[in-house]
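Comments concern the structure below.
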Protein chains: 2
Amino acid sequence: MDQSPSRSSATTVADVARKAGVSKATAARVLGGYGTVSDRVRDAVTVAARALNYQPNELARSMTTGRSGTIGVVVGDIENPFFSLAMRGITDVAREAGFTVILINSGEDADAEKAAIRTLLAKRVDGLIVSPAKESDIDHLREATRSGRPLVLLDRGSETLDVDTVIADDRHAAEDITRRLIALGHSRIAYLTACDTADHRFHTPADINTGSVRRRIEGFLCICRKAGLEGMEEWVHVGAITPDHTHRIVTAMLKSPQRPTAIIASDSVIGLEVFKVCRELGLAIPDDLSLVSFHDADWTSVTTPPVTVVRQPVYRLGETAAKLLVERLNGDGTEANRIVLQTEVIERASVAGAPA
Amino acid sequence: MDQSPSRSSATTVADVARKAGVSKATAARVLGGYGTVSDRVRDAVTVAARALNYQPNELARSMTTGRSGTIGVVVGDIENPFFSLAMRGITDVAREAGFTVILINSGEDADAEKAAIRTLLAKRVDGLIVSPAKESDIDHLREATRSGRPLVLLDRGSETLDVDTVIADDRHAAEDITRRLIALGHSRIAYLTACDTADHRFHTPADINTGSVRRRIEGFLCICRKAGLEGMEEWVHVGAITPDHTHRIVTAMLKSPQRPTAIIASDSVIGLEVFKVCRELGLAIPDDLSLVSFHDADWTSVTTPPVTVVRQPVYRLGETAAKLLVERLNGDGTEANRIVLQTEVIERASVAGAPA
DNA sequence: TTTCAATTTGAGACCGGTATCAATTAAAAA
DNA sequence: TTTTTAATTGATACCGGTCTCAAATTGAAA
């Protein structure tokens with residue numbers, strides 16, 4: 001009540017300068033920590049600043065320096081444990097390096113992603129970390145780099161975009177688990193992903209815009225083909241974008257006469273839903289159905305049976321992306337890095353031989 | 001290679017104005033969407049802007065308007081499913097209302113939180129959503145509100161700070177489950193929280209700085225006392241700040257001669273660890289030990305047995321906090337709201353009568 | 001004491017927008 | 001056609017910092 005409500009009480013360098021009896025330029029030097037000032041003046045300004053409770057305006061500072069000390073991050077969905085863990089890696093590194101993070105969810109929607117990038121560029125972030133919804137649709141990313149702000153791709157790369165990229169070795173992981181399943185006698189192996197296509201059906205890997213997932217499916221199909229399993233394309237299911245969708249798809253799949261004997265879930269959210277449906281339908285894992293899930297979510301070790309998973313170094317994915325970005329921001333002008341982090345299959349007890 | 005690398009190619013209103021043959025002020029009116037302009041001029045400016053690929057500089061805009069279109073969020077740990085889900089609620093509302101979100105992790109550390117607030121204020125966020133690490137230590141929050149920027153407290157309140165607050169009905173939930181456990185004959189009931197104290201031991205609820213947790217413990221102790229169980233303070237365990245810590249604490253607890261017959265886990269991360277330790281020690285849930293966990297994490301329904309939990313409306317917690325903030329930002333000058341969202345106990349199968 | 005270089009300070013432009021206010025033009029009323 | 005009023009437009013200050021450059025001060029060398 002005793003202060004003007006709207007008219008901000010913010011003290012500026014000019015105020016401090018006046019109080020300290022020096023010029024604005026000199027006060028700014030002390031407050032901004034640049035240039036050279038005598039000890040006597042520095043003290044006077046410091047004292048005045050404290051008395052006036054001076055708080056610098058980063059916006060104004062960014063205005064002239066051109067650096068905002070901010071990095072923009074666009075992920076599919078922060079609620080997904082995969083992204084929230086990667087985000088933790090990013091924020092840890094960012095904070096250490098003195099940057100703050102603006103987070104935008106794209107909801108895996110390309111248009112939302114475009115809007116997000118535009119917003120972030122308008123806010124003059126120093127750099128970007130993006131997990132692109134569609135690899136095929138990257139003009140907005142190209143434009144971002146053209147504006148001179150470094151970009152790092154997270155979990156999903158792009159052949160046509162020559163920027164720093166950090167991905168997991170998805171293809172290799174998919175090949176590995178497919179090989180194991182086939183060795184156990186499985187031939188009706190379903191692959192289930194949240195990625196969707198125009199007609200909600202899968203035809204060829206080229207339909208899949210999410211790079212990490214496409215590489216997995218390619219690996220899956222490749223090993224199948226090598227093992228003499230043809231036409232496995234029809235076992236790839238897309239569009240498990242929510243638990244509800246997943247539930248419907250899995251139920252239909254498991255109720256069909258030719259039901260799969262093994263399912264590969266493309267992330268832990270899907271894996272969880274497969275698990276639930278099995279419970280509902282009274283199917284036993286692994287006797288009736290083998291299950292492998294991508295992402296070593298914390299709960300996967302505690303179910304009955306515990307779930308065999310592909311462990312991805314998710315935290316390190318985020319951490320590495322942020323490190324690359326910070327290096328660029330510090331003037332690293334070398335060629336684009338494409339870093340592939342190794343995955344690892346954690347064998348637990350959700351995989352067994354195919355039922356007769 | 002064909003463009004100047006460092007000197008930004010950013011087009012400004014002045015550039016557009018020149019190209020369109022109008023004054024800077026007029027071009028700004030069109031580009032900024034304010035004031036009144038003739039159709040002819042508007043078109044000319046629009047065309048020029050497109051030709052020059054004009055991208056507005058939000059920083060400069062914020063500079064004069066005083067609004068940055070940004071809200072700052074400080075949470076304990078984005079990796080925790082509780083916060084990542086709440087965060088989803090916040091970002092959804094924020095985006096809808098045209099705000100972007102700057103996220104900072106405090107790691108539940110009061111000093112880090114202070115630094116975070118300072119950073120956010122310096123960046124001139126329009127408002128703040130904070131999940132304070134310590135309720136007792138809130139001078140920095142008070143100062144934030146004094147700077148005229150609205151603050152909303154998330155999941156944790158403060159009696160001495162008169163600001164919008166959104167919390168869950170934690171005390172009631174704790175009372176409810178304690179009552180149930182006692183009715184089933186339990187008297188050795190342990191409460192396990194990540195909150196820590198100076199000497200890593202619990203003496204009185206006043207030791208607990210995290211409001212939501214303190215209220216739960218108060219409820220727990222209150223019902224115990226009413227039921228004639230005295231000295232239950234010694235069954236409250238603090239310091240389960242990492243899975244490792246939790247593992248040690250739970251193992252020690254369950255190996256002691258007077259081991260608890262029931263454990264209340266203060267969040268799903270702790271609940272999961274309790275579950276794992278039981279597996280290791282060969283203890284059966286619920287026959288040897290009953291388990292109740294706060295937070296209805298997605299996996300809790302899929303374990304064997306599924307876990308009885310306190311469901312908190314986590315998404316709505318974040319959503320509501322963001323809505324309150326947006327209202328304030330739109331000039332709502334009414335009194336501070338203190339919203340308490342109801343919790344719900346989801347009975348599953350991890351609770352049974354106390355073993356003999 | 002004078003000279004010259006190094007250090008410290010101040011004045012004012014600038015970043016890229018917005019906001020104010022006066023000047024100009026167009027439209028409506030007399 | 002002349003007045004009056006409303007709609008457009010332009011010139012310029014301003015937001016709160018940083019930065020350049022010249023002026024003033026200081027200290028060391030001559």
Side-chain angles (χ1 to χ4, degrees), chain A residues 6-46 48-49 52-70 119 121-126 147-148, chain B residues 6-46 48-49 52-70 121-124 126 147-148:
Chain A
S6 79
R7 213 67 214 92
S8 167
S9 55
T11 6
T12 72
V13 273
D15 298 328
V16 175
R18 203 173 308 121
K19 173 128 185 166
V22 298
S23 76
K24 182 182 155 196
T26 303
R29 275 190 268 262
V30 176
L31 267 14
Y34 59 92
T36 138
V37 213
S38 70
D39 291 350
R40 207 168 39 78
V41 170
R42 185 190 319 281
D43 290 348
V45 172
T46 308
L52 265 35
N53 187 31
Y54 169 77
Q55 304 286 125
N57 183 334
E58 283 295 337
L59 248 41
R61 188 169 285 169
S62 304
M63 189 81 224
T64 42
T65 61
R67 306 194 81 192
S68 65
T70 306
T119 302
L121 291 179
K123 293 213 186 281
R124 294 300 191 262
V125 294
D126 292 333
S147 79
Chain B
S6 78
R7 212 66 213 94
S8 168
S9 54
T11 354
T12 72
V13 271
D15 298 328
V16 175
R18 203 172 309 122
K19 173 126 186 167
V22 298
S23 76
K24 181 183 157 195
T26 302
R29 276 190 268 262
V30 177
L31 268 14
Y34 60 92
T36 139
V37 215
S38 71
D39 291 349
R40 206 168 40 78
V41 169
R42 183 188 320 283
D43 290 347
V45 172
T46 308
L52 264 36
N53 188 30
Y54 169 77
Q55 303 287 127
N57 183 335
E58 282 295 337
L59 249 40
R61 188 169 285 169
S62 304
M63 189 85 224
T64 41
T65 60
R67 306 194 81 193
S68 64
T70 306
L121 291 179
K123 292 212 186 283
R124 294 300 190 264
D126 292 332
S147 78

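In the text below, chain A, chain B and the rest are named by the order of the sequence lines, each starting its count at 1.
In this structure, Gln55(B) and Ser147(A) have side chains that are not in contact, with every pair of non-hydrogen atoms separated by 4.5 Å or more. Looking only at side-chain heavy atoms (C-beta outward), Arg124(B) and Ser62(B) stay at 4.5 Å or farther from each other.
Here dG10(C) presents its C1' atom at 15 Å from CZ of Arg18(A), a figure rounded to the nearest Å. Atom-to-atom, CG of Asp15(B) to P of dC14(C) comes out at 15 Å; the value is rounded to the nearest Å. dC15(C) atom C1' lies 11 Å from atom CZ of Arg124(A), rounded to whole Å. Atom pair Met63(B):CE and dG16(D):P shows a separation of 6 Å (rounding to whole Å applied). Per the geometry, CZ belonging to Arg42(B) stands 13 Å off C1' belonging to dT9(D), to the nearest Å. Atom CG of Asp39(A) is separated from atom C1' of dT25(D) by 16 Å (rounded to the nearest Å). Per the geometry, CG belonging to Asn57(B) stands 13 Å off C1' belonging to dC15(D), to the nearest Å. Distance Glu58(A) CD to dC15(C) C1': 15 Å, rounded to the nearest Å.
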Is there a side chain to side chain contact (heavy atoms under 4.5 Å, CB included) between Thr70(B) and Lys123(B) once you walk through the steps? CA-CA 9 Å; Thr70(B) 306; Lys123(B) 292 212 186 283; over 6 Å; no
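Here the closest non-hydrogen pair linking Leu59(A) and Ser68(B) is CD2-CB, 4.4 Å. When all heavy atoms of Ala20(A) and Ala44(A) are compared, the pair lying nearest together is CB-O, 3.9 Å.
Regarding contacts with the backbone of dG10(C), a side-chain N or O of Ser23(A) is found under 4.0 angstrom from either OP1 or OP2. Contact annotation: Ser38(A) reaches the phosphate of dT9(C) (side-chain N/O to OP1 or OP2, under 4.0 Å). OP1 or OP2 of dT8(D) lies within a sub-4.0 Å distance of a side-chain N or O belonging to Thr36(B).
Here the CZ-OG1 distance, from Arg42(B) to Thr36(B), works out to 8.0 Å after rounding to the nearest 0.5 Å.
In the helix from dT1(C)-dA30(D) to dA30(C)-dT1(D), the end axes, each obtained as the rotation axis mapping the C1' atoms of four pairs onto the next four within a five-pair block, lie 40° apart to the nearest 10 degrees.
By the side-chain contact (heavy atoms from CB on, under 4.5 Å) test, Arg18(A) is found to be paired with Ala14(A), Asp15(A), residues two or more places apart in sequence or in another chain being considered.
The side chain to side chain contact (heavy atoms under 4.5 Å, CB included) with Val30(B) is formed by just one residue from the set Asp43(B), Val22(B), Val45(B); it is Val45(B).
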Report each atom pair, protein N/O against N/O of nucleotides 18-20 of chain C, whose distance is under 3.5 angstrom.
residue: dT18(C); atom: OP1; partner: Arg61(B); partner atom: NE; Å: 2.8
residue: dT18(C); atom: O4'; partner: Thr64(B); partner atom: OG1; Å: 2.8

